[in-house]
S.K.: 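Below are the structure tokens for one structure; questions will follow.
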Amino acid sequence: MFQTSPISQRVARVEESATLAIDAKAKALKASGVDVIGFGAGEPDFPTPEFIVDAAVKAARDPKNHKYTPAVGLLELREAISTKTLRDSKVEVSPNQIIVTNGGKHAIFNTVLTLVDEGDEVLIPSPFWTTYPELVKLAGGTPVQVPTTYEMGYKVTPELLERYVTGKTKLFIHVSPSNPTGALYSKDETKALGEYLLQKNIFVMTDEIYEHLTYDGLTSMSLLEAVPELQEKTVIVNGVAKTYAMTGWRIGWMISPPEIHKAASNLQSQVTSNISNVSQRAAQAALEADLSCVVEMRNAFNRRRKAMVSMLSEVEGVKTLMPEGAFYVFPEVSGVFGREIAGKKINSSMDLTEVILDQAKVAVVPGEAFGAPGHLRLSYALSDESLVEGLERIQKLLGS
Ligand code: PMP
């Protein structure tokens with residue numbers, strides 16, 4: 001058959017990351033001299049703690065790290081991940097179940113590609129993080145959105161899932177605290193969800209990347225701590241990016257039962273080989289230390305979270321749930337629809353995002369990117385001053 005497109009059907013299905021695109025646009029505007037405030041990126045504004053950087057510098061000088069190492073990752077790092085997983089998720093895992101990946105995103109890629117076949121359905125609570133459905137599409141699977149609302153605290157229940165489970169359901173994707181909503185499942189909610197998935201015999205990918213960013217004395221609970229019997233069906237995905245302000249170092253990992261681990265290791269051995277040894281040594285230093293550097297960053301995020309929710313609540317037509325984790329606020333903005341702002345009729349959160357960027361020079365992400373029209377996502381992982389300045393601009397534009 002004559003091919004008209006150079007692009008494979010598989011890759012043509014994948015859309016650009018809206019969050020990265022908006023962040024790039026904001027950074028480009030800034031570089032051209034425009035005073036833009038970016039609420040777009042999901043990345044801490046802090047530098048990586050000094051002791052972690054020191055470990056990397058030392059590693060860079062050691063010729064051992066200039067060579068190929070095992071595709072699944074350095075043993076010492078996998079041991080540190082195993083110890084950390086017992087400390088934080090209360091799950092005992094062997095280093096032989098761990099693959100070190102190029103960030104959490106790559107762990108999700110490996111997991112989805114390893115588990116999902118053409119025609120498989122994958123349940124994804126929405127609002128969702130943009131990468132999940134795109135990688136499911138790449139694998140040939142069908143992302144099945146399970147919609148949640150402001151009133152539900154943006155969380156799914158077994159009763160809700162029951163309406164979306166079919167004979168083709170292969171995988172459920174869980175993330176708590178959530179990007180983009182900041183929703184945190186309680187212990188009881190986690191247990192109920194886990195028991196339901198176990199009973200339905202559905203595989204689970206649980207994304208624990210925001211585990212340490214919880215507020216008001218609340219803590220996150222691993223799905224595997226709640227229901228250990230799920231271990232044979234569950235892949236844990238995690239990474240150092242959010243906890244240690246290490247987004248640029250690109251270290252994540254997946255923890256899976258032996259059969260899945262073997263298949264995903266084969267995949268990784270052909271796709272990337274090992275991840276940068278220098279970054280792996282930095283991640284090892286981060287994980288072997290206690291969590292005191294995290295406490296400091298979390299306190300700053302908590303202060304900004306409260307400031308952001310309070311300032312957004314003053315804006316006409318905007319409803320904001322107090323997020324319990326991660327570093328995002330996800331206001332419901334449909335109350336603004338129908339209004340005319342700076343000569344433009346606002347009919348969607350996409351319209352609103354555009355007018356906020358054009359008029360107030362503030363970058364936010366439209367809910368459409370997360371399968372949740374009628375919302376905006378604002379990250380509060382930026383400096384206190386920029387946060388207040390950006391929100392004042394929004395207040396001025398939309399009226400408070
Ligand atoms: N999971 C979630 C829910 C995320 O928000 C992110 C980053 N935005 C990741 C995984 C991946 O992070 P990284 O690839 O930087 O480790």
Side-chain angles (χ1 to χ4, degrees), residues 16-24 38-46 48 52 73 77 81 84 89 98-113 122 124-136 143 154-155 171-185 204-214 220 222-223 235-255 268 271-272 275-276 279-280 282-283 286-287 301 323-330 365 367 369-372 377-382:
E16 183 185 14
S17 160
T19 49
L20 292 187
I22 285 161
D23 189 47
F39 289 111
E43 121 172 299
D45 59 316
F46 308 105
T48 303
I52 299 173
L77 173 57
I81 293 168
K84 168 252 170 282
S89 307
I98 296 167
I99 303 177
V100 178
T101 57
N102 189 51
K105 204 175 247 185
H106 178 216
I108 296 166
F109 171 89
N110 278 352
T111 304
V112 170
L113 265 281
V122 178
I124 306 177
S126 96
F128 48 73
W129 181 46
T130 52
T131 294
Y132 301 143
E134 297 310 313
L135 291 183
V136 169
Y154 303 109
K155 289 188 264 193
L171 177 67
F172 171 74
I173 296 182
H174 180 62
V175 56
S176 171
S178 148
N179 174 8
T181 66
L184 175 72
Y185 286 74
V204 183
M205 183 183 81
T206 177
D207 182 341
E208 302 189 342
I209 202 135
Y210 294 103
E211 65 186 332
H212 290 297
L213 299 179
T214 59
S220 65
S222 173
L223 206 52
V235 179
I236 294 179
V237 165
N238 206 335
V240 292
K242 316 288 175 173
T243 305
Y244 301 97
M246 289 180 73
T247 46
W249 297 81
R250 310 310 302 134
I251 294 290
W253 55 87
M254 59 180 285
I255 307 176
Q268 175 137 326
V271 178
T272 60
I275 307 309
S276 155
S279 285
Q280 290 197 63
L287 296 179
F301 290 143
E324 294 179 331
F327 41 55
Y328 309 99
V329 169
F330 202 63
V365 189
F370 311 100
R377 191 194 76 173
L378 289 83
S379 158
Y380 48 88
L382 75 173

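Values below: every heavy atom of this structure, side chains too, minus hydrogens, waters and symmetry copies. Whatever order the structure lists ligands and atoms in, that order sets their numbers, starting from 1.
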S.K.: May I ask you to test the P323-Y380 pair for a side-chain heavy-atom distance under 4.5 Å?
M.R.: yes
S.K.: Just go through Y132, Y210, F109 and tell me whose heavy atom is the nearest to atom 5 (O) of ligand 1.
M.R.: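 Considering heavy atoms of Y132, Y210, F109, the nearest to atom 5 (O) of ligand 1 sits in Y210.
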S.K.: Considering the heavy atoms of A241, write down every atom of ligand 1 situated less than 4.0 Å from one of them.
M.R.: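 Matching atoms, with element in brackets: 15 (O), 16 (O).
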S.K.: I want to check something: taking the side chain as every heavy atom from C-beta on, are K84 and W253 in contact at a cut-off of under 4.5 Å?
M.R.: yes
S.K.: Identify, for atom 16 (O) of ligand 1, the protein heavy atom at the shortest distance, and state residue, atom and that distance.
M.R.: G104 N, 2.6 Å
S.K.: For the rings on F370 and Y328, is their centre-to-centre separation under 6.0 Å?
M.R.: no
S.K.: Considering heavy atoms of the protein only, find what lies nearest to atom 15 (O) of ligand 1 and give residue, atom and distance to 0.1 Å.
M.R.: R250 NH1, 2.8 Å
S.K.: Considering only protein heavy atoms, which is closest to atom 12 (O) of ligand 1, and at what distance to one decimal place?
M.R.: I209 CD1, 3.7 Å
S.K.: Can you list everything that forms a side chain to side chain donor-acceptor pair (under 3.5 Å) with S276? Sequence neighbours excluded, please.
M.R.: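 Testing S276 for side chain to side chain donor-acceptor pair (under 3.5 Å), a comparison that skips the adjacent residues, returns none.
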S.K.: Should you measure from each heavy atom of G103, which atoms of ligand 1 turn up under 4.0 Å away?
M.R.: 14 (O), 16 (O)
S.K.: How long is the gap from NZ on K242 to CG on L213, to the nearest 0.5 Å?
M.R.: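 One gets 9.5 Å once the value is rounded to the nearest 0.5 Å.
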S.K.: Side chain, backbone, both or neither: which part of W249 comes within less than 4.0 Å of ligand 1 when only heavy atoms are counted?
M.R.: neither
S.K.: Just distances here: any N/O of T247 and N/O of ligand 1 closer than 3.5 Å?
M.R.: no
S.K.: Does the side chain of S89 reach to within under 4.5 Å of the side chain of E211, using non-hydrogen atoms?
M.R.: yes
S.K.: How far is atom 9 (C) of ligand 1 from its nearest protein heavy atom, and which residue and atom is that?
M.R.: W129 CH2, 3.4 Å
S.K.: Quick check on contacts: which atoms of ligand 1 are under 4.0 angstrom from a heavy atom of K242?
M.R.: 6 (C), 7 (C), 8 (N)
S.K.: Tell me, do V122 and M205 make a side-chain contact under 4.5 Å, heavy atoms counted?
M.R.: no
S.K.: Regarding ligand 1, does N102 bring an N or O atom to under 3.5 Å of one of the ligand's N or O atoms?
M.R.: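 No, N102 has no N/O under 3.5 Å of an N/O on ligand 1.
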S.K.: Check the pair T101 / Q268 against side chain to side chain donor-acceptor pair (under 3.5 Å), numbers first and verdict last.
M.R.: CA-CA 8 Å; T101 57; Q268 175 137 326; 5.8 Å; no
S.K.: Considering non-hydrogen atoms of the protein only, which is the closest contact for atom 2 (C) of ligand 1, and what is the distance?
M.R.: D207 OD2, 3.4 Å
